[in-house]
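Here the structure is laid out as structure tokens; the discussion comes afterwards.
In what follows, every chain begins at residue 1, and chains take the letters A, B, ... in the order their sequences are listed. Not measured: the values here are computed from a predicted model. These numbers come from the heavy atoms of this one structure, side chains and all, not from hydrogens, waters or symmetry mates.
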Number of protein chains: 2
Amino acid sequence: MPGAPRGPYAKTAAQRDRILDAAMQVFARSGGRGASLREVAERVGMSEAGVLHHFGSKRELLLAVLDRYDRQEAAIDHPDTLPGNAAYARDLLTRGADKPGLFRLLITLAAEATDPDHPAHQYFVDRYARTADTFAASLRSAVNGRTDVDIEALAHLVIAVLDGLQLQKLLNDDVDVLRSFDLLTQALINTYAAP
Amino acid sequence: MPGAPRGPYAKTAAQRDRILDAAMQVFARSGGRGASLREVAERVGMSEAGVLHHFGSKRELLLAVLDRYDRQEAAIDHPDTLPGNAAYARDLLTRGADKPGLFRLLITLAAEATDPDHPAHQYFVDRYARTADTFAASLRSAVNGRTDVDIEALAHLVIAVLDGLQLQKLLNDDVDVLRSFDLLTQALINTYAAP
DNA sequence: GTCTATATTAAGATAGAC
DNA sequence: GTCTATCTTAATATAGAC
């Protein structure tokens, strides 16, 4: 009975969530390889064995963190108009600045997961493909009819900007990512938007 | 006598270089945290203690790898015209595709080094600041006279695109990064270049 | 300059008591 | 469901022989 945990499972679900919260912070600070179960357990006030009772291994824990994040993201409804989507992308940047931990988690793991042997490799391959599809769909309506513009390439470009700008923001908080992003959108609209 | 190693030091310098080559590959595959001295030593056909004779610690080895890369980069002369620079940036992307290891090294470490406690944190902060200055200088001439364009923001934007596109390329080799990059340059020239 | 041997620390994981 | 205790493995680093 998902959605209404009660009985003996209620506590477990709550504990799992607390562990995921802690793990997310630890993975965000130290990446997938730098993070240790010990630190996760410490934060949650539990032994390593306790953590491993809920998640069988470090690998599983990492994937569970990403999976939960995905479910939360999927619950938000995404705009399907272009201005809505540009605003959404802009909002991503702002949220990234607000909660640097979350973005650090994603960018650090994505970079690590570039290694085909990394536990989250397939996850990130899929994730980026999905994102590119989403962005392409909304850009298609903006370009409306123009067949001379490569929508997929445009989608990859926008995603690259979001990732790259946030990386710079994390290294130097003085970088004004919104300013750079606005320069991009203006140029893109100016050049590729349907008349 | 730099540049002409001879006598008992010649072998040492050559060995240091071999170690740096191996370390670069290992760091590129596994990141700074995932990499082990054991694997570096193995590749170079030496014991861990042997490696540590040349570089006192893993941290030192990592910084030496980055330092050597910087010296090599500095030896290349960079164009100072805009078309030259756009071509240079495009070339970076091509090189990244050619030698994925090198770019993986840079992007993975940059993401890790977002953590202020990471050994290479300061290195990457400085590196990005320097790169932004370089790009800004060449963009300034392109915008020639226009005062309504934020050159620094433009520089951060271009760097973001280079990083972000290569990250996607590493996750999925089918992504056509040059196509996306060309969409960017066309839009930027179209919108911000001096008449 | 390189090796073997070892100290030290820490990690991930399992077994079994409570 | 959580803990203590333990196994196993592996990492960085040092000491000292050759």
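Contacts between residues 107-116 of chain B and DNA chain D, defined by a heavy-atom separation under 4.0 Å, are absent. For DNA chain C, no neighbouring residue in residues 14-28 of chain A is found when judged by any heavy atom under 4.0 Å.
For B:K169, the salt bridge (charged side-chain N to carboxylate O under 4.0 Å, His left out) criterion is met by B:D173, not counting sequence neighbours. In terms of the side chain to side chain contact (heavy atoms under 4.5 Å, CB included) criterion, residue partners of B:N190 (sequence neighbours excluded) are, by chain and number, A:N190, A:T191. For B:Y88, the ring-ring contact (aromatic ring centres under 6.0 Å, His included) partners two or more places apart in sequence, or in a different chain, are B:H78. With sequence neighbours left out, the side chain to side chain contact (heavy atoms under 4.5 Å, CB included) criterion links B:D17 to B:L20, B:R68. Residues passing the salt bridge (charged side-chain N to carboxylate O under 4.0 Å, His left out) test with A:R179, sequence neighbours excluded: B:D150.
Taking atom CG of A:L61 as the reference point, atom C1' of C:dA13 lies 14 Å away to the nearest angstrom. Between B:H53 atom NE2 and C:dC3 atom P there is a gap of 11 Å when expressed in whole angstrom units.
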>> Generate the contact string for nucleotides 4-18 of chain D. Rules: B means base contact, S means sugar-phosphate contact only, - means no protein heavy atom under 4.0 Å.
In response: B------SBBBB---
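Within the structure, the side-chain hydrogen bond (donor to acceptor under 3.5 Å, both in side chains) test picks out the following pairs touching residues 96-117 of chain B (sequence neighbours left out): B:E112-B:H118. The list of side-chain hydrogen bond (donor to acceptor under 3.5 Å, both in side chains) pairs with a residue in residues 129-140 of chain B, not counting sequence neighbours, reads B:N85-B:S138. Residues in residues 23-36 of chain A take part in these side-chain hydrogen bond (donor to acceptor under 3.5 Å, both in side chains) pairs, two or more places apart or across chains: A:Q25-A:R43.
Using modelled atom types, no side-chain atom of A:S141 and backbone atom of A:A137 make a donor-acceptor pair closer than 3.5 Å.
Using a 3.5 Å distance cut-off with no hydrogens or angles, the side chains of B:D126 and B:Q122 do pair a donor with an acceptor. Using a 3.5 Å distance cut-off with no hydrogens or angles, the side chains of B:D67 and B:Y123 do not pair a donor with an acceptor.
A salt bridge does not link A:R16 to A:E60: none of the charged side-chain nitrogens sits closer than 4.0 Å to a carboxylate oxygen.
Base pairing in DNA chain C gives the following stems of 3 or more Watson-Crick or G-U pairs, range against range and under 3.5 Å: C:1-18 with D:1-18.
Across all non-hydrogen atoms, the minimal contact from B:A110 to A:L171 is O-CD2, 4.2 Å.
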